[in-house]
Q: 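This structure is in structure tokens; I'll ask about it shortly.
One-based numbering, in listed order, for ligands and for the atoms of each.
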Amino acid sequence: MTQRIAILISGRGSNMEAIVRACAAERWPAQVVAVVANRPDAGGLDFAAEHGIATAVVDHKAHPHREAFDATLADVLDGFAPDVVVLAGFMRILGAAFVRRFEGRLLNIHPSLLPAFPGLHTHRRALEAGCKAAGATVHFVTPELDHGPIVMQSVVPVRADDDEHTLAARVLATEHLIYPRSVRWYVEGRLRLVGGRVEQAQGASQLLLERGTVPGAAGDEGPT
Ligand code: GRF
């Protein structure tokens, strides 16, 4: 049966776009049924509308507190009957009640190698810490911020002349690979939780190494 995907965004929505394109191009057994933003000016809303996807705005500024915002958002989402809710650059913290309502079908991408650097300014913090590698993590959402079972990670090198913008761009390019791949696995029923960890049913690699830049990674085929 066709799985219904709802995507939450706050801004430009490049991860959302990558998922929409992959879903169509790879003929997933799924459809992106809604793109919902918490900001009326979220750039990604235009792309969604142009692609015939229903859009909605739940403006956090129009709500007195987080619980009220979360409740409206949950009701709007339920209206689209999603099988999976995908957070793609969604910059609001969701409360425990919301997370529990969608638990097990709520995915997020975070631009760091979790559990390092949860929260904001991940690239700046990775540079300040002198990290030699950075990356992104797709994970199931739990009430604790930027925690939860890890579906897939990408690793890129940190270069000596990087600033947070060059590093962010290198990481973002890998986000556009690992997020569609993870959502595809979800809608195809290939992810299972074993002892609080995520396994890919067919044993595919849950790690993407930026090709050609990490010693020993040249022969790595990346995600399959
Ligand atoms: C991405 O780097 C995502 O990991 C982070 O915010 C950025 C959103 O980019 N949470 P986009 O809106 O998907 O283009």
Q: Taking the side chain as C-beta and beyond, is there a heavy-atom pair between Thr142 and Pro149 under 4.5 Å?
A: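 Thr142 vs Pro149: side chains touch.
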Q: Output the rest of the hydrophobic cluster of Val76: all Ile, Leu, Val, Met, Phe, Trp and Tyr residues reachable through side-chain heavy-atom contacts under 4.5 Å, sorted by chain and number.
A: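 Listed partners: Leu8, Val33, Val36, Val58, Phe69, Leu73, Leu77, Phe80, Val85, Leu87, Phe90, Leu94, Phe98, Val99, Phe102, Leu106, Val141.
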Q: Of all the atoms in ligand 1, which lie at a distance below 4.0 Å from a heavy atom belonging to Gly89?
A: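 Those qualifying, in numeric order: 6 (O), 8 (C), 10 (N).
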Q: Apart from Met91 itself, what residues make up its hydrophobic cluster, given side-chain heavy atom links below 4.5 Å?
A: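 Hydrophobic cluster check, Met91: joined to Leu120.
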Q: Report whether Val20 and Val57 are members of the same hydrophobic cluster (ILVMFWY, side-chain heavy atoms less than 4.5 Å apart, transitive linking).
A: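 Hydrophobic grouping puts Val20 with Val57.
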Q: Heavy-atom contacts with Glu175 under 4.0 Å: which atoms of ligand 1 show up? List them by number with element.
A: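 Listed by number with element, the hits are 1 (C), 2 (O), 3 (C), 4 (O).
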Q: Does any N or O atom in Ser14 lie less than 3.5 angstrom from one in ligand 1, N or O only?
A: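 Between Ser14 and ligand 1 (N or O atoms, distance only) the closest approach is under 3.5 Å.
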Q: Hey, which of His123, Arg125, Arg124 is the one that makes side chain to side chain donor-acceptor pair (under 3.5 Å) with Glu164?
A: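 Answer after filtering His123, Arg125, Arg124: Arg124.
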Q: How far is atom 9 (O) of ligand 1 from its nearest protein heavy atom, and which residue and atom name does that atom have?
A: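 Of every protein heavy atom, Arg12 NH2, 3.2 Å lies nearest to atom 9 (O) of ligand 1.
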Q: Give the numbers and elements of all ligand 1 atoms closer than 4.0 Å to a heavy atom of Ile109.
A: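 Under 4.0 Å from Ile109, ligand 1 has these atoms: 4 (O), 10 (N).
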Q: Specify the protein heavy atom at minimum distance from atom 12 (O) of ligand 1: its residue, its atom name, and the distance to 0.1 Å.
A: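 Of the protein heavy atoms, Gly13 N, 2.9 Å lies nearest.
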Q: Quick check: does any side chain N or O of His176 sit under 3.5 Å from a backbone N or O of Ala18, one acting as donor and the other as acceptor?
A: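 Checked: no pair found.
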Q: Work out whether the distance between some heavy atom of Ile9 and some atom of ligand 1 is less than 4.0 Å.
A: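 It does not; every heavy atom stays at 4.0 Å or beyond.
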